[in-house]
Amino acid sequence: MSNVICQGLRSPVRRLAVLSKTKAISTSIVHNETILVKNNDEFVNKVMNNEKPVIVNFHAEWCEPCKILTPKLKELIEPLTNLDLAVVDVEDNAELVHAFEVKAVPAVIAIKNGLIVDKFIGLVDTDMINNLIDRMCGKKKAT
Amino acid sequence: MAPIDGTYDYDLAVIGGGSGGLACAKEAVNLGAKVAVLDYVTPSPQGTKWGLGGTCVNVGCIPKKLMHQAALLGESIHEAVAYGWEVPSLNDVKINWSALTESVQNHIKSVNWVTRVDLREKKIEYINGLGEFKDPHTIIATLKNGSKKELTAKNILIAVGGRPHYPDIPGAREYCISSDDIFSLSHPPGKTLVVGAGYIGLECAGFLNSLGYSATVLVRSVPLRGFDQQMASMVTNEMEEKGVKFHHKCVPLSVEKLESGQLKARWLNTETKEQSEDVFDTVLLATGRYALTEQLNLAAAGVNSLSESGKIVAEGEQTNVGHVFAVGDVLEARPELTPVAIHAGRLLARRLFAGAQQHMDYDNVATTVFTPLEYGCVGLGEEQAVSRHGADNLEIYHAFYKPTEFFIPQRNIRNCYLKAVALREAPQRILGLHFVGPVAGEVIQGFAAAIKCGITMEQLMNTVGIHPTVAEEFTRLNITKRSGKDPNPASCCS
């Protein structure tokens with residue numbers, strides 16, 4: 001279990017991080033299925049504790065750009081075996097929204113080993129998404 | 001019960017999460033206060049409810065302006081043809097009501113969410129409950145599930161606003177809708193009867209008619225009562241010329257539901273004593289709004305400064321109880337406008353928590369009626385000016401004008417009119433400006449600042465206009481009513 005260093009984030013995320021260290025739950029995540037996050041525990045288990053990198057998409061039903069971005073993310077990520085997609089409905093997950101300082105939707109946060117490695121706000125084009133995906137699972141980390 | 005040592009849960013508790021309440025809460029928090037906001041929406045008789053943000057965001061200004069825009073865009077499509085746009089099957093162009101309401105509601109929900117996130121960021125405690133007083137410093141909030149939450153506060157702000165008034169006639173509550181319901185109506189409104197000719201009734205009738213739904217308006221006394229009546233008649237003339245039917249001096253008697261599901265409305269002409277009836281798909285009541293003071297249990301706080309209409313009398317936004325304040329639509333004799341509530345709320349927070357002295361200036365507040373042809377104004381109407389100063393001491397400048405863009409599609413210019421109400425004595429300080437025309441709100445806004453600076457006719461006439469605009473017509477004013485000269489324009493650019 002990696003140490004969680006949440007750069008520039010406030011204590012709620014550290015709280016989530018501490019939970020991720022103490023819970024030794026083996027998650028049986030179905031490969032390729034998008035994770036629909038309904039609560040904090042699910043987020044900790046399936047995203048923070050995920051061995052694979054996860055792209056977390058903050059989504060709202062009333063948000064037009066979200067209706068374009070979320071299906072696009074699903075289309076590009078679901079076929080991949082080494083990267084997961086988690087969708088967080090902002091209306092159902094107020095604490096996560098607050099913890100990750102999400103002030104606008106759609107928001108995409110890339111998480112690897114419990115660390116935030118990237119973040120973007122708003123609708124972005126397919127090239128940018130593919131770049132993000134490549135960075136998350138394609139290339140090796142420099143030592 | 002307020003604690004003996006004088007420490008309260010909050011420095012400020014705000015009852016009502018609308019324009020006034022939120023503005024005051026956010027300013028207070030910026031100044032270091034600990035604040036709680038209570039907000040609760042009692043469902044309308046038709047069952048409609050909405051989220052945080054108050055009337056403006058949910059069932060007022062915002063959805064109204066969006067539907068007004070939808071209506072204008074519909075008109076633009078037709079005008080575009082005159083400008084050369086090839087619009088295929090122009091006759092098939094129609095509004096999809098559910099697409100419209102979905103877009104409008106999605107926007108409202110995004111504003112609800114951003115508001116909630118903002119409160120959370122600012123560490124303002126948000127309680128989704130109906131607040132009432134238990135004692136001068138204690139409020140009880142009743143949540144949706146019936147549970148109660150108690151809180152104490154050093155200062156309390158009443159910002160509960162108002163709701164549509166339902167006339168006491170058979171069928172009103174059972175079958176009629178109000179502005180609470182129209183913006184999220186689950187089915188197209190169809191042929192609509194609008195009861196009431198204040199700005200809410202006229203704006204609704206206006207956009208419904210432009211969207212393609214036949215609209216009829218019952219006017220009890222006069223349209224836009226309280227506004228300059230000459231301008232009000234320009235507004236209603238334009239609406240009539242666009243197809244809205246008006247029944248003047250009529251009051252509703254009853255609304256009944258027919259087997260077809262349609263509504264039969266009966267009304268009485270108070271002058272001719274004649275009764276009439278007609279069948280509609282929707283009856284929209286816009287017969288005034290009342291302040292939500294009854295459910296506050298004000299007696300428990302010792303607040304007794306209520307007007308006859310149930311609004312709160314609060315000079316400097318302070319009630320008869322020193323630490324209990326009021327802001328927004330709940331206030332007696334103040335303009336019921338969002339920016340008024342916001343500004344007053346902010347100034348109040350500064351007086352409470354930053355030792356500021358500045359009080360709200362309720363005079364010369366500009367406003368606009370967003371009927372398809374808009375009416376914007378600031379300052380006194382002609383009738384008001386006459387009663388305050390006497391006709392002999394006034395000079396009224398006026399003009400009809402022709403917006404350049406109207407020529408090509410041959411839009412009606414008969415009701416494009418503006419006037420300045422000024423003191424007769426040089427330099428002729430301007431008391432009021434009135435404008436009926438496109439984008440009236442945009443036109444009048446800058447002049448509100450000018451009025452605040454005490455602009456005179458001499459200064460206005462020495463201002464060079466921007467050409468070609470409709471706003472520049474103010475700088476071209478030169479004909480007085482007194483002269484009897486023809487206020488119609490000869491041509492542009494002269």
Side-chain angles (χ1 to χ4, degrees), chain A residues 6-17 36-41 43-44 47 56-73 86-109 116 119-124, chain B residues 17 22 25-26 29-30 35-39 41 48-53 57-59 62-63 65-67 69-70 73 96-129 143-145 183-186:
Chain A
C6 302
Q7 295 166 337
L9 290 179
R10 297 199 291 256
S11 45
V13 178
R14 290 195 197 100
R15 223 189 305 130
L16 285 175
L36 290 170
V37 178
K38 300 258 180 333
N39 54 59
N40 292 353
D41 284 345
F43 189 81
V44 169
V47 178
V56 183
N57 169 221
F58 286 84
H59 170 99
E61 278 307 303
W62 36 256
C63 161
E64 278 307 308
C66 297
K67 290 186 184 158
I68 300 170
L69 183 65
T70 304
K72 192 82 206 164
L73 288 170
V87 175
V88 177
D89 188 313
V90 297
E91 298 277 1
D92 300 332
N93 293 279
E95 278 179 32
L96 285 174
V97 164
H98 187 62
F100 287 94
E101 300 177 316
V102 173
K103 296 207 181 85
V105 275
V108 171
I109 297 180
I116 295 180
K119 179 174 182 178
F120 62 78
I121 313 281
L123 181 61
V124 293
Chain B
L22 291 178
K26 290 181 196 177
V29 137
N30 281 350
V35 182
V37 168
L38 282 76
D39 188 66
V41 179
T48 311
K49 44 189 204 281
W50 50 88
L52 181 62
V57 166
N58 294 285
V59 287
I62 304 293
K65 190 78 191 291
L66 295 174
M67 293 217 165
Q69 178 66 1
L73 287 170
N96 179 326
W97 177 260
S98 65
L100 172 60
T101 49
E102 191 181 325
S103 305
V104 169
Q105 291 304 314
N106 280 347
H107 175 67
I108 292 172
K109 289 199 184 93
S110 76
V111 178
N112 294 144
W113 181 72
V114 167
T115 309
R116 280 203 322 277
V117 165
D118 199 23
L119 289 189
R120 225 197 155 107
E121 291 288 311
K122 295 187 154 73
K123 306 218 193 316
I124 296 173
E125 173 90 10
Y126 162 51
I127 300 165
N128 187 205
L143 280 58
K144 196 164 112 177
N145 58 15
F183 303 111
S184 56
L185 202 61
S186 57

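Side-chain atoms are counted along with the backbone in the values below, which use heavy atoms only and exclude waters and symmetry mates. Remember, predicted model here, so these are calculated numbers, not experimental data.
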Quiz prompt | Side chain / backbone / both / neither for A:Ala94 at chain B, heavy atoms under 4.5 Å | solution = both
Exercise. Hey, could you give me each pair passing side chain to side chain donor-acceptor pair (under 3.5 Å) that has a residue in residues 99-111 of chain B? Not counting sequence neighbours.
Key: none
Quiz item: With a 4.5 Å heavy-atom cut-off, do A:Trp62 and B:Asn112 have their side chains touching?
Solution: no
Quiz prompt | For B:Glu125, all residues meeting side chain to side chain contact (heavy atoms under 4.5 Å, CB included), sequence neighbours excluded | solution = B:Tyr10, B:Ala36, B:Ile127, B:Lys149
Quiz item: Looking only at heavy atoms, what is the nearest atom pair of A:Lys103 and B:Trp113, with distance?
Solution: O-CZ3, 3.7 Å
Self-check item: Heavy-atom pair of closest approach, residues A:Val97 and B:Val117
Solution: CG1-CG2, 4.2 Å
